[in-house]
Amino acid sequence: MDRPRVTIFDTTLRDGEQSPGCSMNVQEKLRLAHQLDRLGVDVIEAGFPIASDGDFEAVQGISAAVRRPIIAGLARACTGDVDRAWQALQGAAHPRIHVFLATSDIHLKYKLRITREQCLEQARDAVRHAKSLCADVEFSPEDATRTDVAFLCQVVGAVIAAGATTVNIPDTVGYSMPEEYGQLIRTLREKVAGIDKVTISTHCHNDLGLAVANSLAGVQQGARQVECTINGIGERAGNAALEEIVMAMRVRPDRYAYEAGVASEHLFASSQMLAEITRVPVQPNKAITGRNAFAHEAGIHQDGMLKNPLTYEIMTPQSVGVPDSRLVLGKHSGRHALALRCEQLGHQFERRELDEVYRRFVVLADRIKKVQDSHLLELIQDVVKGNASNSDAPSSESKKFPPAAVALPLPRSAVAAAGANANESHPAQVSAGAGQAQAQPGPAPTNWFGGGVPAPIADHHGDQEDYLWGV
Ligand SMILES: [Zn+2]
């Protein structure tokens, strides 16, 4: 039996990148675009070419390098923007021009200072122009959920007649409620001529925490594209989180019998890569990709998990790519195991880089016995950023990593993975070394995950470091 296919339109590199603290340079965008390709998203919105030279270069570079998915470039509804977007998309195997224009009275009156008639004409003209350049044209009536419904129907009808192939209905300000948003999609399907020939898309913001719920309500009423971002990053409270949309469909096909082309086992690595690039950590209790998403702390839960994981687990960590912590990394681990874990955490290294990661890993493993994913991610971070030279690496590491004495409540809980030790949130259980660090006066230093940084450890074995280099 065939389930309806839902197109996953990722806008991490455009809407997500616009959010405070999440800007990325061209190289970083390219790296993430390759990961999104591995993840299997259908559309990558790579940027807003007229907005800056950096955005233009990112769209151009991703168009040239990432060939499977559709690459979209954003444009306001005017000739200059559309032309610039098309210029950036020239090398794309599957280009899409995404045109937007606000349609709500409040935006027309105060932001654009145009009438509804002018708005309608501008939307139609811009889509017609985009269509003369590119077969794949998406149109978004910005602030659709606060737009007069009859006028929205009129605009959507006009852009479809002008050649739009996807019509996106943005809840730009995150104001809608799920039933309401679903109803809006249903109304458009009932009232707009020709809408059955185009793809209806959702684009929901999370100001009331309803972005994912609204998107799914839209899908239930016939939307077949969802715009979303990794970790739900985006303007203000963010966009619908891609990983939550995908896993809701996968875990509950009885309620959401739709198919997405995403390879869910790459979700965790994608989330980690984004967090590492932007240095914006994932909130620990974030659904699907947070470090606590698969950690079971309460005794009764642990007991149940040990007897049968189904007691408290609706999906396995492996299904979203959270590394299997039964593969413990220690000083006897080989280069292959290390490379595999790095890959699971979103990092693929050239041989030279892997040599450097391995060298530092061995020094660290010798000291702390069991290397957690959080340690590995910090170590990778140092190598990627080239923050420390080889000679000073051990001392910089020694400031960052906790002593070996921290134990984990469950073998599986290290899967909490991105995260620091599960025990860190329970000061009473933390070893003496870490406790002393917390008692230091002044603001406590924090690591990349926002966790406390333990006291430095003095010793390291420089001779072993040389011996193991290049093994
Ligand atoms: Zn948006």
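These numbers come from a predicted model, not from an experiment. Indexing begins at 1, ligand by ligand and atom by atom, following the structure's order.
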Which residues share a salt bridge (charged side-chain N to carboxylate O under 4.0 Å, His left out) with Arg186, sequence neighbours left out: none
Residues Glu227 and Arg14 bridged, charged N to O under 4.0 Å: no
Side-chain H-bond candidate by donor/acceptor type, Asp83 with His129, under 3.5 Å: yes
Count of N, O or S atoms belonging to protein, less than 2.8 Å from the Zn ion (ligand 1): 3
Polar side-chain atom of Arg224 near backbone of Val219 as donor-acceptor pair, under 3.5 Å: yes
Asn231 versus Ser271, side-chain donor and acceptor atoms under 3.5 Å: yes
Side-chain (Asn206) to main-chain (Ala211) donor-acceptor, under 3.5 angstrom: yes
